[in-house]
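Chain A is the first sequence line, chain B the second, and so forth, proteins listed ahead of strands; every chain is numbered from 1.
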Amino acid sequence: METNTPGNYLNSLNDVQRQAVTTIDGPVLVVAGPGSGKTRVLTYRIAHIIQQGTAPWAIMALTFTNKAAREMKERIGKVVGPQADKVWAGTFHSIFARILRVEAEKIGYPSNFTIYDTDDTKSLIGTILQEMHLDRNVYNPNTVRSRISSAKSNLITPRLYAQNEELRNQDRMAKMPQIYDIYEKYVVRCKRAGAMDFDDLLYRLYELLQTNPDNILEKYRSRFTHFLVDEFQDTNHLQYSIIRKLVNFDNSPRNICVVGDDAQSIYAFRGATIQNILDFEADFKPFNIRVFKLEQNYRSTDHIVQAANVLIQNNSRQIPKKIWSDKGEGHKIKVLEAITDNEEGKRVIDTIVEQKNRFHLSNSDIVVLYRTNSQSRIFEEYLRRFNLAYKVYGGQSFYQRKEVKDLIAYLRLVVNMKDEEALRRVINYPKRGIGQTTVEKIGELAAATNRTMWECLLEVQAGARTANALTGFKEMIVKANAQLDTSDAYELAVHMAKQSGLLDDLKADTSIEGLSRKENVDGLLDAIKSFVDEDTVIDTQTLPDKSLATYLQNIALLTDADENADQRDFITLMSIHSAKGLEFKSVFVTGLEEKLFPSYLSMENAEGMDEERRLFYVAVTRAEQFLTLSYAKNRYRFGQMRINDPSRFLGEIPRQHLESTAYIRTGGEEAAVSTMSRVMGNFQKRTSASSPVLRADPKDFKPSASENIQAGMKVLHLKFGEGKVISIDGGKDNRIATIHFQDIDAPERRIMLKFAKLQILE
DNA sequence: GTTGGTATCTGTGGA
DNA sequence: AGATACCAAC
């Protein structure tokens, strides 16, 4: 339990934690293993800083996710009360966006700048490619995007990029020599559209501090006196450069605490670098840096902790540390083998049902993790079949659905008419007779005259019909724009949904998908309504209003995972990436196959492989009590069934932490078993005791219909042999038998009748 | 300009 | 398998 009384919060900490909390002057590096009470340290530290007399608004606490930020604020609130809201705690992107809203005009952006998401970025790059007559098949927009993104993350401007022989050579080798040019055009276009992409939210702030108009640097240096950075291992060079600007200067108190775990760095793919930890140590070494290592794990039982310890040692570089737990040995790790991805789904859900029954777990105790979001589908199907409540995080989020984005695009356009991506999206949706040709003409004119498409809207040659449509479109937006100051976000959104014809268009579609699209738009409108009604606005300090502009700012940086999960009791499905920082009693890590996990995209070099291993480490260490690993020997990918070897990571877990009972399929499993021991590498030395034994001859085995099985019957099970049904419980479609088997170690088994094959003997 | 059908491509993670 | 690009017919 949390301690809420001020003063005695220090008592609930161990020695190292307490030092990390109370050492508030000067630079501090906290190396925090999984489950080591990192969040607790951060929150108590903030509370401590406040209680030592610092104003809450002089504290900046940067996290990676809104979820982490919200949790932190809540927990600070418990210790210091309502002042917690005054702390500048949030994601890098949201805190920096907040500053930029105030300062944007100093670097040539409107204060109501739009935030381009990944789709906007990709589509803008697509447009530029088209204008440059470059082949999309050669210039993959995704590749181009990530090149641009990593350039920004490393403070490489278009000009520097053009001069950088190494980068240019890489591009030439990749047959994309023009990337530097695309980059430059992209930056110009974003600026002209009054838009910042995710990287700009960081980069433009850096630019602001670097160019220092009106001595703005001084303003923020003196405003914030204490800094905290969570998940420091996942920051990129650009983020660290900003921090350094704000913290590391002459006469600065350098009150900064960074918390991270090199073993949990999983965002190198988007520019994060462990180098930052090393740089931090070097940069602050002259200023009496203190390093604290949190090594006690309060989350998991020992088999889990030890397994994690061993497997991470396969990585080449790491800060030495030994995570330990005093939670007792706990349960061994279970491995599920399946023939197909579909069967994997079934076996995972079977195991979930079994665990729920045997250990009285709630749905919310359970998480199913996977490497790629596309793996969620099969689990969803089986969960539905079993009537188990679940929630899928990530994947296509609510705000990425077409119909939602459409309405939002209208709203964006009303707020910022220069927003080209929004304009392109809705100029002819719903259909109003402005075709592709016209849109292209407008785009070309805009590009040729260095203006926005909005300005060129009525200047292109077009037939009377089209010209009419264009005028109508423009007037509609202008009219709505005029209402910005008088209407709140909800009124305007409803107005636009109706006026644009979007609502009518959705109503006309009576298919099931059409209905759900309509529901989504209604859902969006509801969300806007509650934004207007509620007092809780993320950025109350800067924009304490209910305007559409404020609303758009708030949602641009929101992801599905940030929505307040309603209190219902559900099983969680998510990617391992989004599970970082979370914990569950029972964790399923699925799809442990070579080329999937580790991903084939990471297999080329050692760094990629190490990052995959860290990802596996993160997955494993989410578990408190139960850890189940699963893999399928065959899996559909790219529309084709592929054969996969089990992941090497399975082989890296020492045998003694694994449950010995190997899984055996009913029917033709001899082959399965031998394959398993062959491919599992380290598993090979298993003793005969661990190999599965058939207790019934498959040839004579004739399973009976499960409905007929009743308490008191004598039954035969292929693997467990003869047994007596003690009792039956569970619902009609979910009957579970408790069976006493004669000659196995743990004679009492609970078996789902729906799936178990049992032959009635008498 | 719009519609609908076919060919082609593409494939991690997320603020 | 699903999304998108492309093309031919209305």
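- Annotation: side-chain hydrogen bond (donor to acceptor under 3.5 Å, both in side chains) contacts of R244(A) (sequence neighbours excluded): D283(A).
- For R614(A), the salt bridge (Lys or Arg N to Asp or Glu O under 4.0 Å) partners are E611(A), not counting sequence neighbours.
- When distances run from any side-chain atom of H93(A) to the nucleotides dA15(B), dG11(B), dG13(B), the shortest one goes to dA15(B).
- Candidate nucleotides dA15(B), dG14(B), dG11(B) were compared by shortest atom distance to the side chain of Y600(A), and dG11(B) ranks first.
- The list of salt bridge (Lys or Arg N to Asp or Glu O under 4.0 Å) pairs with a residue in residues 110-126 of chain A, not counting sequence neighbours, reads D117(A)-K405(A), D119(A)-K405(A), D120(A)-R412(A).
- The side chain of T65(A) places no N or O atom within less than 4.0 Å of a non-bridging phosphate oxygen (OP1 or OP2) of dA15(B).
- Within the structure, a side-chain polar atom (N or O) of N373(A) is placed less than 4.0 Å from OP1 or OP2 of dG14(B).
- At the heavy-atom level, F92(A) lies nowhere under 4.0 Å from the strands shown.
- T118(A) contributes a side-chain N or O that forms a donor-acceptor pair with the base of dA15(B) under 3.5 Å.
- M609(A) places its CE atom 17 Å from the P atom of dG13(B), with the value rounded to the nearest Å.
- The stretch residues 126-136 of chain A participates, sequence neighbours left out, in these salt bridge (Lys or Arg N to Asp or Glu O under 4.0 Å) pairs: E131(A)-R189(A).
- For the pair R642(A) and Y636(A), the cation-pi test (distance below 6.0 Å, angle within 45°) is failed.
- For Y220(A), there are no ring pair (Phe, Tyr, Trp, His ring centres under 6.0 Å) partners, not counting sequence neighbours.
- T438(A) approaches L470(A) most closely through the heavy-atom pair CG2-CD1, 4.1 Å.
- Contacts of T235(A) classified as side-chain hydrogen bond (donor to acceptor under 3.5 Å, both in side chains), with partners at least two apart in sequence or in another chain: N276(A).
- Atom name P, nucleotides dG11(B) and dC6(C): the rounded distance is 16 Å, in whole Å.
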Check nucleotides 5-10 of chain C against the protein and report each pair of N or O atoms closer than 3.5 Å, with its distance, or say if there are none.
{"unit_1": "dA5(C)", "atom_1": "OP1", "unit_2": "R136(A)", "atom_2": "NH2", "d": "3.4"}

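- For the pair R377(A) CZ and dG2(C) C1', the computed distance is 11 Å after rounding to whole Å.
- The phosphate of dT12(B) has neither OP1 nor OP2 within less than 4.0 Å of any side-chain N or O from S575(A).
- Taking atom CG of L201(A) as the reference point, atom P of dG14(B) lies 18 Å away to the nearest angstrom.
- In this structure, R642(A) reaches neither bases nor backbone, as no heavy-atom distance under 4.0 Å exists between it and the strands shown.
- In this structure, CD1 of I576(A) is placed 11 Å from P of dG13(B), rounded to the nearest angstrom.
- L369(A) places its CG atom 12 Å from the P atom of dG14(B), with the value rounded to the nearest Å.
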Base, backbone or nothing for each nucleotide of nucleotides 1-9 of chain B, written B, S, -, heavy atoms under 4.0 angstrom, 5' to 3'? SSS------
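- With a 6.0 Å cutoff to the six-membered ring centre and a 45° limit on the axis angle, K391(A) counts as a cation-pi contact of Y393(A).
- Atom pair Y617(A):OH and dG13(B):C1' shows a separation of 20 Å (rounding to whole Å applied).
- A salt bridge (Lys or Arg N to Asp or Glu O under 4.0 Å) check over residues 459-469 of chain A, counting only residues at least two apart or in different chains, returns the pairs R451(A)-E459(A).
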